[in-house]
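Everything on this sheet refers to the single structure shown next.
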Amino acid sequence: MTVEDVFVIKNRGVVATGRVESGVLRVGDTVYINGGPDARVDAIEIFRKSIDEANVGDNIGVLFKKIDRSQIDRGAVLTASGDVSSTAFIV
């Protein structure tokens with residue numbers, strides 16, 4: 001998925017929202033933002049409920065504690081490898 005929205009939750013971190021297009025995303029996974037900087041998935045939420053894993057078609061919010069808001073924008077692509085064309089999963 002292409003990131004639909006990004007916002008900051010005070011004392012929690014940066015949240016990117018969107019729809020899982022392929023594969024599975026789990027808490028603890030490392031993702032790459034536009035093939036560039038990597039970030040650890042610290043939490044996943046779906047309709048205000050915390051989940052451990054997201055599957056294809058899920059509309060989710062992904063929490064990143066250790067990135068700055070300036071590192072991710074609407075339209076960014078999250079992948080399982082540094083290659084933006086990766087098909088392992090795109091969030």
Side-chain angles (χ1 to χ4, degrees):
M1 141 200 127
T2 302
V3 173
E4 293 177 15
D5 198 8
V6 179
F7 53 94
V8 176
I9 299 177
K10 189 175 180 178
N11 298 323
R12 295 250 2 241
V14 176
V15 175
T17 63
R19 183 172 165 255
V20 177
E21 296 295 332
S22 64
V24 176
L25 179 66
R26 294 179 181 90
V27 173
D29 283 353
T30 297
V31 296
Y32 295 84
I33 303 165
N34 289 331
D38 64 332
R40 182 182 183 273
V41 174
D42 294 303
I44 303 171
E45 290 191 3
I46 186 168
F47 300 109
R48 298 182 186 250
K49 177 183 167 191
S50 291
I51 59 175
D52 292 326
E53 117 181 349
N55 297 292
V56 174
D58 290 344
N59 288 306
I60 62 171
V62 181
L63 174 71
F64 301 105
K65 292 181 180 177
K66 295 185 179 181
I67 67 168
D68 189 73
R69 169 63 181 91
S70 64
Q71 291 179 274
I72 187 168
D73 290 309
R74 183 173 193 226
V77 177
L78 304 181
T79 60
S81 74
D83 178 9
V84 176
S85 66
S86 171
T87 57
F89 73 81
I90 298 177
V91 177

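All values reported here derive from a predicted model rather than from experimental measurement. Throughout, numbering of the chain's residues begins at 1 and tracks the sequence.
The structure places CD1 of Ile46 at 11.5 Å from CD of Glu53, a figure rounded to the nearest 0.5 Å. Summarising the geometry, atom CD belonging to Gln71 is positioned 9.5 Å from atom CG belonging to Asp38; distances are rounded to the nearest 0.5 Å. With values rounded to the nearest 0.5 angstrom, Asp52 atom CG is found 11.0 Å from Leu25 atom CG.
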Exercise for the section: Test Asn55 against Val20 for side-chain contact (heavy atoms from CB on, under 4.5 Å), laying out the working first. Expected result: CA-CA 6 Å; Asn55 297 292; Val20 177; 6.0 Å; no
Practice task
Please lay out, stage by stage, how Asp58 and Ile44 fare under the test side-chain contact (heavy atoms from CB on, under 4.5 Å).
Solution key: CA-CA 11 Å; Asp58 290 344; Ile44 303 171; over 6 Å; no
Exercise for the section: Give the C-alpha distance, both sets of side-chain angles, the deciding distance and a yes or no for side-chain contact (heavy atoms from CB on, under 4.5 Å) between Ile33 and Leu78. Expected result: CA-CA 5 Å; Ile33 303 165; Leu78 304 181; 3.7 Å; yes
Practice task
For Val6 and Arg69, run side-chain contact (heavy atoms from CB on, under 4.5 Å): C-alpha distance rounded to whole Å, both residues' side-chain angles, the deciding distance at 0.1 Å, then the answer.
Solution key: CA-CA 8 Å; Val6 179; Arg69 169 63 181 91; 3.5 Å; yes
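Side-chain N or O atoms of Asn34 include one that pairs as donor or acceptor with a backbone N or O of Val77 at under 3.5 Å. The backbone N or O of Thr30 sits nowhere less than 3.5 Å from a side-chain atom of Arg40 that would complete a donor-acceptor pair.
Cluster annotation: Val31 and Val62 are assigned to the same hydrophobic cluster (Ile/Leu/Val/Met/Phe/Trp/Tyr, side-chain heavy-atom contacts under 4.5 Å, transitive).
Here the side chains of Val8 and Lys10 are not in contact, with every heavy-atom distance at 4.5 Å or above.
Of all heavy-atom pairs spanning Glu45 and Arg12, the tightest one is OE2-NH1, 3.9 Å.
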